[in-house]
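To keep things clear, I will list the structure first and then write my remarks on it.
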Amino acid sequence: MTDCHGVGLVSGDSYRLLREYSGEPFCAVVTDPPYGIRIKGIDGKQWDNGFPHPDFWRELLIHTEDSGWLACFAGSRTSHRSAIALEEAGWKVQEIMAWIRPYAIGMSGGLKRGWEAIILASKGEPRKLNIDSARVCGDGLPRWPSQELPDNNRALAFQRGHPKNRRETRSPSSVVVAAEDAGLLGEQERFFIVARSATKERGKYNTHPSVKPVSLMEHLLTLVHRPGGLILDPFAGSGSTLVAAKRLEMRCLGIEVDKDYYEIAGRRLEEVQL
Ligand SMILES: C[S@@+](CC[C@H](N)C(=O)[O-])C[C@H]1O[C@@H](n2cnc3c(N)ncnc32)[C@H](O)[C@@H]1O
């Protein structure tokens, strides 16, 4: 177990660990489980042959606070099955967000996968999402880390509307896109813009094939977090959720079954400077 400024990482199988868990309920779960699309990275590992069973989501529901949120990534082709598994387990699906990734991995002879789903579900009636905290902020307002973007994109995010409203903010959208791609897609105001995951951010040593941008994880954490609450990522991978939580000074617990990814996540976590 690694513990770093309120962010903990456990090595093990989350199915088993959750069954044995008797600690504080989670205010929210933010996670990126296997999609069941047989991703095979350069490291040759195979952890993506299936996706979580309704029994797992049922167990997770037990350990989540009433009105708590789940933000769960899912593959474009298999997202319907993930959503049904969640509903079968008793979660209420509230929204399905799209993360657009034009640089997506291709399939030989098939369509390139240009988006991934983020299913937002709740335990019972949900508490309000933290929309105000997740708005794009202008100059003079508290800085939102994901808006540390190249100049033209920052201008795009900060200078909308009448000049007298420069300090106004933009509400988050259900469509998220990397800053570098927003210009290509046009009508930028329909999107929430995050920074793409650069090698520097992942760590050169990071061999995980499915690393999510930290700014995207920060955005999701901000939306679903309850102040003082504990967040869980039961499929931590190389630790992007944990890195984001540490940067935002949120309490978070991650579980990762693969020893190599566990080591990578621990190293990334330790490298975060507060
Ligand atoms: C899509 S990856 C997560 C990637 C992560 N979001 C990142 O940015 O690095 C899913 C991870 O879940 C892990 N995993 C699969 N089954 C698990 C289980 N039963 N318990 C804990 N971790 C598991 C896999 O080893 C894999 O690293």
Side-chain angles (χ1 to χ4, degrees), residues 1-2 7-21 26 29-60 63 70-79 82 85 99 101 104-105 113 116-119 146 176 178 194-221 231-247 252-269 271-272:
M1 160 103 184
T2 307
V7 180
L9 175 62
V10 178
S11 166
D13 174 5
S14 54
Y15 287 54
R16 185 179 58 76
L17 291 172
L18 270 184
R19 275 199 303 273
E20 294 166 359
Y21 185 73
F26 304 109
V29 179
V30 175
T31 196
D32 176 25
Y35 291 180
I37 55 172
R38 299 175 194 278
I39 291 175
K40 200 163 152 198
I42 42 168
D43 62 6
K45 291 184 190 274
Q46 280 196 319
W47 43 262
D48 194 51
N49 292 343
F51 45 72
H53 189 270
D55 286 348
F56 172 79
W57 296 123
R58 216 168 272 128
E59 191 65 39
L60 196 57
H63 298 293
L70 165 71
C72 174
F73 281 85
S76 52
R77 183 168 62 75
T78 51
S79 54
S82 304
W99 174 42
R101 34 178 309 182
I105 26 169
R113 297 212 171 96
E116 293 182 25
I118 304 165
I119 303 171
S146 67
V176 182
V194 298
R196 198 180 273 172
S197 175
T199 310
K200 189 167 167 239
E201 178 185 288
R202 300 156 173 245
K204 270 194 182 150
Y205 49 83
N206 191 345
T207 51
H208 200 292
S210 174
V211 181
K212 295 293 182 287
V214 169
S215 60
L216 177 55
M217 304 318 294
E218 285 175 347
H219 180 53
L220 296 175
L221 288 169
I231 291 169
L232 175 72
D233 182 353
F235 301 99
S238 70
S240 304
T241 311
L242 307 179
V243 168
K246 184 173 169 191
R247 283 172 50 146
C252 184
L253 178 67
I255 307 174
E256 173 54 46
V257 74
D258 183 283
K259 286 269 189 244
D260 295 331
Y261 299 151
Y262 168 80
E263 298 290 336
I264 291 168
R267 185 166 165 191
R268 285 182 79 198
L269 199 49
E271 284 174 3
V272 177

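As the structure lists them, so they are numbered: ligands from 1, and atoms in each ligand from 1. These numbers were taken from a predicted model, which means no experiment stands behind them.
- Ligand 1 lies under 4.0 Å from heavy atoms of Gly12, Asp13, Ser14, Tyr15, Asp32, Pro33, Pro34, Trp47, His208, Ser210, Val211, Lys212, Pro234, Phe235, Ala236, Gly237, Ser238, Gly239, Ser240, Glu256, Val257, Asp258, Tyr261.
- Between Tyr261 and His208, the ring planes are tilted. Angles from 30° to 60° get that label.
- Between the CG atom in Asn206 and the OG atom in Ser240 there is a gap of 7.0 Å [rounded to 0.5 Å].
- Across Phe56, Phe73, Phe51, a single residue satisfies ring-ring contact (aromatic ring centres under 6.0 Å, His included) together with Phe235, and that is Phe56.
- From Ile255, atom CD1 reaches atom OH of Tyr15 across 11.5 Å, with rounding to the nearest 0.5 Å.
- No salt bridge links Glu263 with Arg267; every basic N to acidic carboxylate O contact stays at or beyond 4.0 Å.
- Note that CG of Leu242 and CG of Leu221 are 9.0 Å apart. Values are rounded to the nearest 0.5 Å.
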